[in-house]
Structure formats: structure tokens, C-alpha cells
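Side chains included, hydrogens not; waters and symmetry mates left out as well; all remaining heavy atoms used.
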Amino acid sequence: MARRDAETFLANHPLPDRPGPLPDLTPYLQALPAAKTPAEVSAITHQLVAATAPALDHIAGHFIAVALWASTEHRHTPQSVRLLREAALSIRTALVKVAQADLENLRAHYAPSTASAEPTRATAPTAPPPPAPPPQGTRPGPGADVAALAAHFRPQE
């Protein structure tokens, strides 16, 4: 029924009905087996994130725009808005998690913890606290954190 109701709209606003071209990940996949050190894997990761972050952020921004859509006769349900915002956040969070995983691997290689060091006063070392969540009610705009993240992943010259 919804498809039928949208026929006139789609006739006036033709949209692509096929997926767009995917980025070519072949160079990254071919380079990965040749990587011998965490630094080399990190370089591949940086290049991949820098190449894909703008497209992923653009998609996340569209999901936010859809969540904010409202007409005079219709608004999304609260659940729908929440799901769309979560989808956008998940895309942006994925890039951050890739960066965190990369840094974790580099830290483990270049600054390994001293497993032989004895903790003082019989206390076990504790992990750093998790990062604070963003304040409630904030809504990152397209390109907010991902652009800064992508800049971090640009190749060093």
C-alpha cells in the first residue's frame, strides 16, 4: 500500500533504484597480507578510514535528516526517530572503534605493559575509565566527529 501511495511522488522525483558503486577495497585487501608490523597494518587502516569516512559520514547525516523530517500531516514515531539516530550513531561509532582498535594494537606493540612489574600494595592495575558519553540531547551534525577522525587518518607526508 505504501509503495502504491508513493508512485506519483517517485515519478516526480526519480531516485536511483540500483546500489551505487562500491569503493574498491582491493588495494587494502592486497596490502594486508604483505604487512609485517603493526605500523604497516595501521597505515592500511588509516588509509582505509580516510578513504571511506566521508561516504559513511554522509550516509549517517542522511539518516539524521530522515529522523528530523516532519510534514504538516505526519511525524515519525518516537521509536522510529530513535532507531534512525541510533543507525547514524552506529555508523559514526564504527569509525571510532576502528581507530581505537588500531591505537590499541600500536600501544601493545610500541608500549607493552610490563607484565613482570609487581603491583604495589597488593592492588591489581586498573583499566582507565571508559570515555564519557555525549551529553543527552546533543545531536552531532554531518561531519562533526568523523571529519576530525578522517583528518587523523590521512597519510603522513
>> So Asp102 and Val98, do their side chains get closer than 4.5 Å, heavy atoms only?
In response: no
> If every non-hydrogen atom of Ile91 is compared with every non-hydrogen atom of Leu56, which pair is closest and at what distance?
Replying inline: CG2-O, 3.4 Å
> So, for Val81 and Ala67, which heavy atoms are closest and what is the spacing to 0.1 Å?
Replying inline: CG2-O, 3.7 Å
>> Tell me whether Val49 shares a hydrophobic cluster with Ile59, the cluster being built from Ile, Leu, Val, Met, Phe, Trp, Tyr side chains joined at under 4.5 Å.
In response: yes
>> Applying side chain to side chain contact (heavy atoms under 4.5 Å, CB included), can you list everything that pairs with Ser90, at least two apart in sequence or on another chain?
In response: none
>> I need the minimum non-hydrogen distance between Ala88 and Ala60, along with the two atoms involved.
In response: CB-O, 3.4 Å
Which donor-acceptor pairs under 3.5 Å do side chains of residues 12-33 form with protein atoms, sequence neighbours excluded?
| unit_1 | atom_1 | unit_2 | atom_2 | d |
| --- | --- | --- | --- | --- |
| Asn12 | ND2 | Thr8 | O | 3.3 |
| Asp24 | OD1 | Thr26 | N | 3.0 |
| Asp24 | OD1 | Thr26 | OG1 | 2.7 |

> Nearest heavy-atom pair of Pro38 and Asn105: which atoms, and what distance?
Replying inline: CB-O, 4.4 Å
> Taking a hydrophobic cluster as the set of Ile, Leu, Val, Met, Phe, Trp and Tyr residues connected by side-chain heavy atoms closer than 4.5 Å, whether directly or through intermediates, do Trp69 and Leu84 fall within one such cluster?
Replying inline: no
>> For Glu40, give me all partners under side-chain hydrogen bond (donor to acceptor under 3.5 Å, both in side chains), at least two apart in sequence or on another chain.
In response: none
> Looking at CG of Leu48 and NE2 of His46, how far apart are the two atoms once the value is rounded to the nearest 0.5 Å?
Replying inline: 11.0 Å
>> Give me the atom names and distance for the closest heavy-atom approach of Val66 to His76.
In response: O-NE2, 2.7 Å
> About how many Å separate CG of Leu89 and CZ of Arg82, when rounded to the nearest 0.5 Å?
Replying inline: 12.0 Å
> So do the side chains of Gln79 and Leu83 get within less than 4.5 Å of each other, counting heavy atoms only?
Replying inline: yes
